[in-house]
2 protein chains.
Amino acid sequence: MELSERKKKILSAVVEEYIISAEPVGSKTVLERSGLDFSPATVRSELAALEKAGYLEQPHTSAGRIPTSKGYRLYVNELMTKKKLDGDEAELITRELGSSREPEKLMGDAGRLATELTSYPALTITAPRALTVKRFELIYLDPNSFIIVLLLSDNAVKNKLVRLPFSFDESLLKRLSAVFNASFTGVAEEDMTPLMLESAERGANDPMGLTGVIASFAIESLKSARESETVFSGGESLLKLPEFRDSGKAHKLMSYFSGEGAQKLPVAGADGDVRVLIGPENIAEELKDTSVVLASYDAGDNTRGLIGVVGPTRMDYSKVAAKLSYIADGLSRLLSGGMLSPSGFGKLMISEGDDKREG
Amino acid sequence: MELSERKKKILSAVVEEYIISAEPVGSKTVLERSGLDFSPATVRSELAALEKAGYLEQPHTSAGRIPTSKGYRLYVNELMTKKKLDGDEAELITRELGSSREPEKLMGDAGRLATELTSYPALTITAPRALTVKRFELIYLDPNSFIIVLLLSDNAVKNKLVRLPFSFDESLLKRLSAVFNASFTGVAEEDMTPLMLESAERGANDPMGLTGVIASFAIESLKSARESETVFSGGESLLKLPEFRDSGKAHKLMSYFSGEGAQKLPVAGADGDVRVLIGPENIAEELKDTSVVLASYDAGDNTRGLIGVVGPTRMDYSKVAAKLSYIADGLSRLLSGGMLSPSGFGKLMISEGDDKREG
DNA sequence: GTTAGCACTCTTTTCTTTCGAGTGCTAATT
DNA sequence: AATTAGCACTCGAAAGAAAAGAGTGCTAAC
């Protein structure tokens with residue numbers, strides 16, 4: 001059943017007012033906010049109708065109305081005017097993301113940025129990937145140590161310094177590196193162990209068992225890429241919100257997301273678009289009066305990750321969605337080839353040596 | 001003025017009881033806990049004396065006593081019996097630290113471990129280090145890309161994949177790597193820029209300006225090692241404590257440590273020993289009814305870092321100190337050469353670098 | 001030096017009362 | 001038929017009053 005135009009206006013007014021005030025909204029307030037020109041009594045009968053239809057509820061008989069999750073859902077899907085990001089913020093996002101220098105910390109930094117902009121805790125989920133090693137390189141340092149460098153299929157580089165209690169010479173490393181590049185490249189993690197054993201069996205001219213060391217490192221690297229990793233940050237921002245005044249709730253929520261809870265969020269979803277999970281639509285009991293707004297980004301290599309924020313159902317979905325969407329776009333650009341900011345390498349080769357900008 | 005034996009026992013009883021209950025302690029409770037065989041009236045006069053001497057205070061006239069920070073200080077320095085870590089926990093610490101595979105994440109993992117064991121938020125501060133590059137290695141991938149691998153003086157390995165919009169050949173990389181290993185090793189970060197400019201001026205046979213790319217990466221790596229980094233985690237565990245029931249306090253504390261506050265802690269200190277900062281001894285206003293217990297660890301290369309927890313002044317200092325001290329020892333062993341855990345190929349591993357990914 | 005006894009203080013808890021925001025209904029108005 | 005004014009009613013929140021309780025400090029006796 002389609003709601004009348006007036007009901008929609010009233011519902012919007014209730015939602016928007018409640019988002020700001022966190023207090024039940026009464027008929028008078030609706031009139032002020034909506035600009036409609038009727039009497040409170042009229043609005044009251046409309047409110048009663050909206051309540052019967054399941055969009056609003058009353059905490060108790062003599063209070064105003066608050067939106068139900070059905071109400072929020074309608075608001076988010078149809079009523080809300082999508083806000084545009086203002087230029088300052090867009091610029092801030094671009095700048096901050098671009099200045100995150102270490103890829104390991106990029107997701108964490110993006111999360112902190114999301115917290116800063118929305119005042120809600122942020123959550124990032126990196127997509128698991130089945131990678132392979134594209135190239136093995138062994139760097140000889142001295143008779144007891146060498147560095148393993150792996151170039152993975154997503155162009156990440158992993159390395160490890162190995163020091164041994166016995167000595168070897170450079171030619172052994174050369175030989176091994178040839179073997180690895182010939183037989184272990186493009187091999188999936190689960191096929192690597194048998195391959196390694198087989199190779200050891202053949203007695204591949206490796207008296208000290210370096211094959212095992214190198215293969216183990218490769219396996220470990222591929223394995224950790226295969227696990228999706230979540231980062232939760234900014235939990236303290238919840239404490240400012242009235243619905244988390246009683247610290248028990250905040251604690252539950254933070255523990256949930258600091259722990260394994262984040263893994264349970266539905267990772268699949270409309271590519272590129274922002275998804276909003278409202279209250280009971282969420283999976284976990286801990287989240288029943290909490291909403292999650294998630295934006296997905298392209299992590300390159302045909303995988304997608306998620307970045308989102310967690311907050312009370314009463315969230316400014318419109319603003320939050322705009323911000324997250326912009327951050328996710330930035331991440332996509334950074335991770336899937338293009339460069340976000342001119343301070344990265346793309347320009348570096350032209351205006352090279354500009355270390356001032358990077359400081 | 002030295003306190004009588006009986007006064008010391010009473011003070012200990014008050015502190016220990018208050019640590020558990022978080023409620024002002026009265027004369028009757030002191031008797032129960034201390035096992036002393038006097039009447040409440042006797043204890044009362046002793047309590048009054050301890051209050052006059054500044055070790056205790058009364059929240060209001062008809063309440064029990066709580067320790068002042070002077071009281072805690074005396075307790076921590078002289079009265080407290082140092083607890084030993086029980087075997088299970090020692091083993092847990094050893095195992096957990098040993099299984100932290102990525103060095104970048106070691107400090108964060110150690111912090112989370114501290115939180116888990118103490119139920120207080122943890123704080124790690126890595127010592128800033130003035131490093132140099134020990135070895136440059138350039139790995140040729142294809143005509144447009146190569147990997148820079150740096151071995152730093154603390155044996156950390158850094159790398160970055162560089163992709164260029166024009167092509168070059170392997171011999172150029174060989175030449176450059178020889179130049180860098182000859183002139184840029186052992187050079188401090190601040191001397192590197194002039195050196196690089198000078199080298200560019202000499203026109204060191206580098207038509208595409210790769211020198212700048214490589215040197216910039218080295219500078220950036222050295223610079224980030226020079227900054228001390230802090231990680232704060234486990235803030236949510238504060239919320240269980242009665243003194244942080246009102247969420248404003250918890251919020252202040254968390255914000256302080258999540259932000260720049262941690263930097264202000266006194267990093268210098270008795271090597272290897274555990275330091276306890278009690279309430280007003282702390283620097284910041286935010287910390288005035290908070291204590292910080294800090295253990296320092298040997299980060300190798302003649303630098304020391306800190307790991308600690310933050311909690312209410314009413315903390316079980318003895319247990320907390322034992323745990324932190326053990327964790328710090330573990331970190332020292334891991335970071336300064338020796339290996340903590342014999343698991344897998346761990347024994348062979350000295351240091352493992354992070355991966356850099358080109359955007 | 002120690003203790004029993006007791007009046008006193010101040011917080012905490014509980015119960016009442018008051019206040020007010022907001023409702024739902026009915027009857028009048030347009 | 002939709003809108004509105006009017007009004008009694010509900011129920012939480014705030015304010016006030018009373019009672020309970022924990023613990024003290026003091027005094028006088030042991």
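Since the model is a prediction, treat every value here as computed from it, not as a measurement. Residue numbers start from 1 in every chain, and the chains themselves are labelled A, B, ... in the order their sequence lines are given, proteins ahead of strands.
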Starting at atom [atom1] of [X], determine the distance to atom [atom2] of [N], rounded to an integer number of angstrom.
| X | N | atom1 | atom2 | answer |
| --- | --- | --- | --- | --- |
| A:Gln58 | D:dC11 | CD | P | 11 Å |
| A:Leu56 | C:dT23 | CG | C1' | 14 Å |
| A:Glu46 | D:dT3 | CD | P | 7 Å |
| B:Lys28 | C:dT3 | NZ | C1' | 16 Å |
| B:Glu51 | D:dG23 | CD | P | 15 Å |

Tell me which nucleotide among [options] gets nearest to the side chain of [X].
| X | options | result |
| --- | --- | --- |
| B:Ser62 | C:dG24, D:dC11, C:dC10 | C:dC10 |
| B:His60 | D:dT3, C:dT11, D:dT24 | C:dT11 |
| A:Ser27 | C:dT2, D:dT4, C:dT23 | C:dT23 |
| B:Ala41 | C:dG22, C:dT2, C:dA4 | C:dA4 |
| A:Thr61 | D:dG23, C:dG5, D:dC11 | D:dC11 |

Item to complete: Apply the test side-chain contact (heavy atoms from CB on, under 4.5 Å) to residues A:Glu46 and A:Ser4: give CA-CA distance (whole Å), side-chain angles for both, the deciding distance (0.1 Å), then the verdict.
Response: CA-CA 10 Å; A:Glu46 291 285 67; A:Ser4 74; 4.3 Å; yes
Practice prompt. Report the residue (B:Ser39 or A:Gly64) whose heavy-atom-nearest nucleotide on DNA chain C is the more 5′ of the two.
Written response: B:Ser39
Worksheet item: Relative to the ring of A:Phe232, is the ring of A:Phe257 parallel (under 30°), tilted (30 to 60°) or perpendicular (over 60°)?
Response: parallel
Worksheet item: Would one find a side-chain N or O of A:Arg44 under 4.0 angstrom from OP1 or OP2 of D:dA5?
Response: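 For A:Arg44, the contact criterion (side-chain N or O under 4.0 Å from OP1 or OP2 of D:dA5) is not met.
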Worksheet item: Does D:dG25 have OP1 or OP2 sitting under 4.0 Å from an N or O in the side chain of B:Arg65?
Response: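 Result: yes.
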Discussion item. Keeping B:Lys70 on the side-chain end and B:Ala53 on the backbone end, is there a donor-acceptor pair under 3.5 Å?
Written reply: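 Such a contact is found between B:Lys70 side chain and B:Ala53 backbone.
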Item to complete: Check for a donor-acceptor pair, side chain of A:Ser45 on one end and backbone N or O of A:Thr42 on the other, with a separation under 3.5 Å.
Response: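 Yes; at least one donor-acceptor contact below 3.5 Å.
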